[in-house]
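Below is one structure, written out as structure tokens; comments come after it.
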2 protein chains.
Amino acid sequence: MLQIPTTLDETTPASLRPVLTPMPVMTQAGTRLLDAAGDLFYDRGVRAVGVDLIAETAGTTKKTLYDRFGSKDALVRLYLLQRAGRWREHLLARLESAPADSESQVLTVFDVLEAWMGPQRRGCAFVNAYAELGDTDHPAVPVIRAEKAWMRTLFDILTGDPVLGGHLHLLYEGTLVLLTAGANPQAVPEGRAAARSAMAAHHHP
Amino acid sequence: MLQIPTTLDETTPASLRPVLTPMPVMTQAGTRLLDAAGDLFYDRGVRAVGVDLIAETAGTTKKTLYDRFGSKDALVRLYLLQRAGRWREHLLARLESAPADSESQVLTVFDVLEAWMGPQRRGCAFVNAYAELGDTDHPAVPVIRAEKAWMRTLFDILTGDPVLGGHLHLLYEGTLVLLTAGANPQAVPEGRAAARSAMAAHHHP
DNA sequence: AGGTAACCACACCGGTCGGTATACTCGCAG
DNA sequence: CTGCGAGTATACCGACCGGTGTGGTTACCT
């Protein structure tokens, strides 16, 4: 049985320790605000979206936004936290209904990525956010780092080998970048084939 | 002899056709402006830097900025164009003074990347810019696409095989992302080792 | 001498930024 | 009945956004 952590620990992200980073209790307007912010942040970028637009899109007011979340920075952090949780749940569910052997599991990650992205060209929400925030003390940065560390841990666990896991994680991140910024529609098939080749080479050296 | 294009063709980026995209003739204040904009854009992101700050940092005025470049968007495009040119020249110079065999050339790319980045955590200027601009009609987007296509062509030429070239390009982009957004200081050594493994597997299948 | 390109200093424009304040309505629990 | 949390509406704040206009000073070219 594979043991994959389902929570996102911001302080020791690579560990398996099940630390909770719970979402705050959401009111109705709060949920609408976070959903609207999520769509807008992802589509246009964090800095490009103002709090006025978020409140208007959610059908509420800036007052309510600041009553619920306190600041735009906190809302950005929650946006990434929610997105990380949804991706993890989605991916783990698909992996459970895939063949249990290591190679199938890894290739399934690429398949799930392709279906998740669809025809869209906005790339990885975490890489995009990091591009805007940089290596600062913004409260969202630990969430970004934790998401990358979680994917690395996933590949390590799926393969049982940190060297192969690292190789596959590099291929996964490269695929995501070249699919979007690179505008290469063949990125996912190429990434999948490269992953297959890397696993074959590792098992028959 | 390796034949690597040194120019950045925005319209047919993958071709070897030597189309020029020359920098405009620069005055003294124009050069200072573009240099200041380059540093600020890369360090803080394109949207986070205003034209007032650029002009002040360059020791000139907004008036001069708009007289030279016409718009902030044009300045952003020129920033990426200049950066792409510098990276290409730097990388090709290092490749010329490296062993000429295919494997050494590829591994040298990772070494040059590590030295180019240094201890810094701002990542790929082109990926960062795409994160802010997205798949829009911004004049800088073709420059981003062309840079990614140029790196892919480089790996194709260095290896003489588009399948292996694609694999290595994925590893290269993944390395860059995980070094910065992922905050993994082992990203370059891991990427280098993965590249070596991919090339070995390709030659002894 | 006249023209012109480059540059600087500075004021100005409408719009938007993140964030706050005031005042009001509604539903609900004590 | 009262208090309170949630929400709405709207006005406001100083700061900054990209971009423009005016006027004046050099230096060089014809």
Side-chain angles (χ1 to χ4, degrees), chain A residues 23-80 128-129 131-134 136-141, chain B residues 23-80 128-129 131-134 136-141:
Chain A
M23 298 294 252
V25 179
M26 284 288 189
T27 63
Q28 294 181 28
T31 303
R32 263 150 48 212
L33 281 164
L34 185 52
D35 285 348
D39 292 344
L40 290 167
F41 283 157
Y42 184 65
D43 288 344
R44 310 187 195 179
V46 163
R47 297 195 83 104
V49 174
V51 286
D52 299 84
L53 177 61
I54 294 170
E56 188 193 336
T57 305
T60 179
T61 64
K62 265 201 293 186
K63 178 69 162 57
T64 302
L65 189 156
Y66 280 91
D67 284 347
R68 293 293 121 238
F69 303 104
S71 71
K72 185 188 177 183
D73 285 349
L75 187 58
V76 170
R77 177 180 168 276
L78 243 44
Y79 144 64
L80 291 176
N128 291 351
E132 298 195 66
L133 306 179
T136 63
D137 59 355
H138 192 289
V141 171
Chain B
M23 299 294 254
V25 180
M26 284 286 189
T27 63
Q28 294 180 27
T31 303
R32 263 151 45 214
L33 281 164
L34 185 53
D35 286 348
D39 292 344
L40 291 166
F41 284 158
Y42 183 66
D43 288 343
R44 310 188 195 179
V46 164
R47 296 195 85 106
V49 175
V51 287
D52 299 83
L53 177 61
I54 296 170
E56 188 192 338
T57 304
T60 180
T61 64
K62 265 201 292 187
K63 181 67 165 58
T64 302
L65 189 156
Y66 279 91
D67 284 348
R68 294 294 121 237
F69 303 104
S71 71
K72 185 187 176 181
D73 285 349
L75 187 58
V76 169
R77 177 179 167 278
L78 243 45
Y79 145 63
L80 290 176
N128 291 352
E132 298 195 65
L133 305 178
T136 62
D137 59 354
H138 192 288
V141 172

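Naming convention: chains lettered A, B, ... in sequence-line order (proteins, then strands); numbering from 1 in each chain.
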Kindly say whether B:Glu56 contributes a backbone atom to a donor-acceptor pair with the side chain of B:Lys62 at under 3.5 angstrom?
no
For A:Gln28 and D:dG5, give me the distance from atom CD to atom P, rounded to whole Å.
17 Å
Is there a side-chain contact between B:Lys63 and the phosphate of C:dC8, meaning an N or O under 4.0 Å from OP1 or OP2?
no
Calculate the interatomic distance between A:Glu132 atom CD and C:dG18 atom P; express it in whole Å.
12 Å
Under 4.0 Å between a side-chain N/O of B:Arg47 and OP1 or OP2 of D:dG18, yes or no?
no
Would you say B:Arg32 places a side-chain N or O within less than 4.0 Å of OP1 or OP2 belonging to C:dA6?
no
Quick one: is D:dA9 close enough that its OP1 or OP2 comes under 4.0 Å of any side-chain N or O from A:Thr61?
no
Determine whether a donor-acceptor pair (N or O, by modelled atom type, separation under 3.5 Å) exists between the side chain of A:Thr64 and the backbone of A:Thr60.
no
Respond yes when some side-chain nitrogen or oxygen of A:Thr27 is under 4.0 Å from OP1 or OP2 of D:dG5, and no when none is.
no
Within the distance-only criterion (no hydrogens, no angle test), does the side chain of B:Lys72 pair as donor or acceptor with the backbone N or O of B:Tyr66 below 3.5 angstrom?
no
Atom CD of B:Glu56 and atom C1' of C:dC10 are separated, to the nearest Å, by 14 Å
Below the 4.0 Å mark, does C:dA5 have OP1 or OP2 next to a side-chain nitrogen or oxygen of B:Arg68?
no
Residue met sooner reading DNA chain C from 5', once A:Val49 and B:Ala29 are mapped to nucleotides:
B:Ala29
Please determine if B:Asp73 and B:Arg77 form a salt bridge, counting it only when a charged side-chain N lies under 4.0 Å from a carboxylate O.
no
Polar side-chain atom of A:Arg68 near backbone of A:Thr27 as donor-acceptor pair, under 3.5 Å
no
Between B:Lys62 and B:Gly59, whichever has its closest DNA chain C nucleotide further toward 5' is B:Gly59
Mind calculating the distance between CG (B:Asp52) and P (D:dA15) to the nearest angstrom?
14 Å
Mind calculating the distance between CZ (B:Phe69) and C1' (C:dA6) to the nearest angstrom?
13 Å
B:Lys72 atom NZ is separated from C:dG15 atom C1', nearest whole Å, by 15 Å
Below the 4.0 Å mark, does D:dG18 have OP1 or OP2 next to a side-chain nitrogen or oxygen of B:Ser71?
no
